[in-house]
Amino acid sequence: MGAVQRAIPWLIVSNEQPSGSDQTSLERDAQRNAVVELIKVAPVAEELGKRFAAAGHRLYLVGGSVRDALLGRLGTDLDFTTDARPEQVRELLSGWAETIWDTGIQFGTLGAFRHGTAVEITTFRADSYDRVGRNPEVDFGDSIEGDLLRRDFTVNAMAIELPERTFVDLHGGMTDLVAERLDTPATPEESFADDPLRMLRAARFVAQLGFEPSDRVVAAMTEMSGEIARITPERVQVELSKLLCGQHPRRGVELLVDSGLAEHVLPELPAMKLEIDEHHQHKDVYRHSLTVLDQAIDLEKAADPDAEPDLVLRLAALLHDIGKPATRRFESGGGVSFHHHEVVGAKMTRKRLRALRYPKDVINRVSDLVFLHLRFHGYSDGQWTDSAVRRYVSDAGPLLPRLHKLVRADCTTRNKRKAGALQRAYDDLEERIDRIAAEEDLAKVRPDLDGNEIMGLLGVDPGPVVGKAWKHLKELRLDRGPMSREEAIEELHRWAREQGIETPGQ
């Protein structure tokens with residue numbers, strides 16, 4: 001059942017595309033739904049509409065706010081458009097809003113906050129583009145018609161005039177919303193030439209809304225995919241993150257790859273489409289990665305249905321095998337291997353995420369998960385010592401809950417016996433981790449002597465020697481578990497003698 005079907009009860013009755021009078025009735029129902037949603041924030045929207053009307057100006061709720069109202073999920077961040085110029089908007093907000101901000105005033109936008117609702121009001125735009133970059137020559141318009149025509153998609157090109165609550169739909173946005181279709185008000189070629197970022201936004205809306213792009217949108221994206229080079233990495237990163245955190249990220253990723261956009265923004269994805277022949281059987285790495293993404297999201301939601309989407313886990317699931325193409329080797333006898341693909345993949349992940357200007361903490365966490373995701377497979381024979389379990393936990397650190405989900409999601413074999421064995425093996429590993437953690441507080445694995453004690457016992461000042469001694473004691477702690485203070489001191493002195501370090505009293 002699609003988003004519109006959930007929001008508009010009529011659609012629950014039938015999955016057939018309505019037509020004629022039924023279509024008209026459905027659209028009227030959707031419009032009423034939008035008005036009902038609008039009433040929920042009526043004190044702010046109504047007041048603002050009346051304030052602008054009294055000053056002789058027109059005000060419209062517009063764009064994503066109208067789309068979300070139609071879908072029954074209007075939030076408290078509202079977008080408006082008006083014929084009033086920015087300074088006139090500022091005057092109308094003064095004395096009404098609790099807070100006003102003008103960081104977007106060069107683009108004709110002012111923001112305000114009142115009674116728990118944030119509003120952004122933008123003067124009608126009739127921008128022109130040089131089609132070299134993506135920043136337009138800001139040009140204010142005089143009509144809602146021109147403003148709606150310049151918008152990215154028809155479902156974002158509807159408006160509700162206030163305070164009358166008159167519905168404005170000049171480009172079939174309602175029809176596309178009911179059909180769960182993504183299309184453009186102007187031709188896709190014109191729209192994407194003006195702003196290539198809209199191609200990425202198409203994939204993002206597919207992931208967020210579950211809509212299907214029209215054939216002409218897909219054709220234009222495919223033909224014009226190279227134009228995305230005009231977009232800065234930072235903007236690409238924002239759209240990619242929103243896509244992956246949507247309700248249907250797999251569909252968005254597939255559109256990126258099928259249209260050729262991924263070749264320019266995340267080329268490691270299509271590179272995973274390795275050719276498979278009858279002599280060298282192995283999984284389709286690209287399809288496998290999409291399945292791992294799906295399964296990781298299922299585990300994420302099962303752990304906490306109300307939690308925000310986990311971008312780090314989703315990036316790691318999508319990219320965990322990107323090192324396979326570079327490490328593929330055909331073996332004698334018809335086999336294929338990907339030795340050390342986790343090491344290569346972690347480096348590739350770090351390089352790509354840096355290029356996309358992801359924050360350092362995201363880069364570190366995702367690349368560490370890619371590096372660690374294969375570690376468990378040495379456990380399946382049941383030969384890990386407690387020391388190995390401690391190292392697994394220590395190396396994962398705070399990423400351990402995510403690593404659990406990633407490793408379980410990575411089991412995509414159709415062999416039910418093998419899949420069951422892997423899941424049981426991981427169940428066993430988690431049980432051992434819990435048992436050892438209860439005994440030893442694994443979350444705080446550290447040497448049995450701290451830095452100050454090491455300096456006092458060795459008679460040294462802060463410096464590299466202290467760090468090396470600390471690392472040696474931590475390795476012992478991982479290997480042997482907790483030691484008594486006397487044992488730790490004895491091991492420290494033994495290490496010092498091996499290093500040729502003279503210690504007090506020795």
Side-chain angles (χ1 to χ4, degrees), residues 60 62-68 70 79 81 104 107-109 122-159 168-232 235-236 238-240 242-243 246 251-252 254-265:
Y60 299 82
V62 73
S65 293
V66 176
R67 181 199 69 222
D68 288 344
L70 290 165
D79 293 323
T81 189
F107 299 110
T109 300
T122 302
T123 301
F124 291 157
R125 297 267 292 273
D127 303 334
S128 58
Y129 294 80
D130 61 13
R131 299 190 174 181
V132 175
R134 72 171 292 266
N135 293 326
E137 291 292 330
V138 176
D139 216 356
F140 297 137
D142 297 308
S143 70
I144 187 66
E145 292 82 6
D147 184 89
L148 295 180
L149 179 63
R150 73 173 184 82
R151 293 181 179 267
D152 54 4
F153 300 103
T154 59
V155 294
N156 296 331
M158 296 177 283
V168 182
D169 179 13
L170 306 175
H171 303 287
M174 178 67 74
T175 300
D176 285 340
L177 192 75
V178 169
E180 301 189 352
R181 178 174 55 241
L182 204 62
D183 208 343
T184 52
T187 67
E189 290 78 9
E190 292 177 282
S191 182
F192 299 157
D194 282 345
D195 184 359
L197 186 66
R198 290 171 175 171
M199 294 187 286
L200 278 180
R201 285 169 62 83
R204 189 246 289 185
F205 283 126
V206 165
Q208 289 180 326
L209 301 174
F211 287 11
E212 286 293 328
S214 70
D215 290 343
R216 69 175 193 159
V217 163
V218 174
M221 290 173 67
T222 304
E223 178 67 25
M224 303 175 67
S225 60
E227 291 294 304
I228 203 66
R230 290 160 48 190
I231 305 302
T232 64
R235 297 306 299 268
V236 171
V238 168
E239 292 299 325
L240 181 61
K242 289 180 178 179
L243 183 159
R251 293 168 67 173
E254 288 174 332
L255 180 56
L256 287 181
V257 172
D258 294 344
S259 66
L261 274 173
E263 293 281 0
H264 304 280
V265 301

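- The line from CZ of Arg198 to CZ of Arg204 is 12.5 Å long, rounded to the nearest 0.5 Å.
- Remark: Phe192 pairs with no residue by the ring-ring contact (aromatic ring centres under 6.0 Å, His included) rule, at least two apart or across chains.
- For Arg216 (side chain) and Thr184 (main-chain N/O), a donor-acceptor pair under 3.5 Å exists by modelled atom type.
- Side-chain N or O atoms of Ser191 include none that pairs as donor or acceptor with a backbone N or O of Thr187 at under 3.5 Å.
- Side-chain contact check for Glu180 versus Glu212: every heavy-atom pair is 4.5 Å or farther apart.
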Exercise. Assess whether side-chain contact (heavy atoms from CB on, under 4.5 Å) is satisfied between Val168 and Val66, documenting all intermediate values.
Key: CA-CA 10 Å; Val168 182; Val66 176; over 6 Å; no
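- For the atom pair CG of Asp195 and CD of Glu190, the computed distance is 14.0 Å after rounding to the nearest 0.5 Å.
- Between Pro213 and Val218 the shortest heavy-atom distance is CG-CG2, 3.5 Å.
- Atom OG1 of Thr222 and atom CE of Met199 lie 10.0 Å apart (nearest 0.5 Å).
- Counting only heavy atoms from C-beta outward, the side chains of Leu70 and Met158 approach each other to under 4.5 Å.
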Quiz item: Going through the checks in order, is the side-chain contact (heavy atoms from CB on, under 4.5 Å) test met by Glu145 and Leu148?
Solution: CA-CA 5 Å; Glu145 292 82 6; Leu148 295 180; over 6 Å; no
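- A heavy-atom distance below 4.5 Å is found between the side chains of Arg151 and Val62.
- Pairing each heavy atom of Ser65 with each of Asp79, the nearest pair is OG-N, 3.0 Å.
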Quiz item: salt bridge (charged side-chain N to carboxylate O under 4.0 Å, His left out) between Glu227 and Arg230: does it pass, once the steps are laid out?
Solution: CA-CA 6 Å; Glu227 291 294 304; Arg230 290 160 48 190; 2.9 Å; yes
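- The minimum heavy-atom distance linking Val206 with Gly252 is given by the pair CG1-N, 4.1 Å.
- Residue Arg235 holds its CZ atom at 14.0 Å from CG of Leu240, rounded to the nearest 0.5 Å.
- Rounded to the nearest 0.5 angstrom, Phe140 CZ and Arg125 CZ are separated by 7.5 Å.
- Closest approach of Ala159 and Ile144 over heavy atoms only: CB-CD1, 4.3 Å.
- Heavy atoms from other residues, nucleotides or ligands lying under 6.0 Å from CG of Asp215 number 12 at most.
- Leu182 has its side chain out of reach of Ser214: every pair of non-hydrogen atoms, C-beta onward, lies at least 4.5 Å apart.
- Contact annotation: the side chain of Phe205 approaches that of Phe153 to within less than 4.5 Å [non-hydrogen atoms, C-beta and beyond].
- Listed by chain and number, the residues in a side chain to side chain donor-acceptor pair (under 3.5 Å) with Thr154 are Asp176 (sequence neighbours excluded).
- The closest side-chain heavy-atom distance from Phe107 to Thr122 is not below 4.5 Å.
- Closest non-hydrogen pair, Ser259 versus Ser225, comes out as O-CB, 3.9 Å.
- In this structure, the side chains of Ile228 and Ile231 come closer than 4.5 Å at one or more pairs of heavy atoms.
- Of the inter-residue distances, the one linking Leu177 atom CG with Arg67 atom CZ reads 8.5 Å to the nearest 0.5 angstrom.
- Heavy atoms only, all atoms of each residue included: Ala193 and Met224 are closest at N-CE, 3.5 Å.
- Using a 4.5 Å cut-off on side-chain heavy atoms (C-beta onward), Val236 and His264 make no contact.
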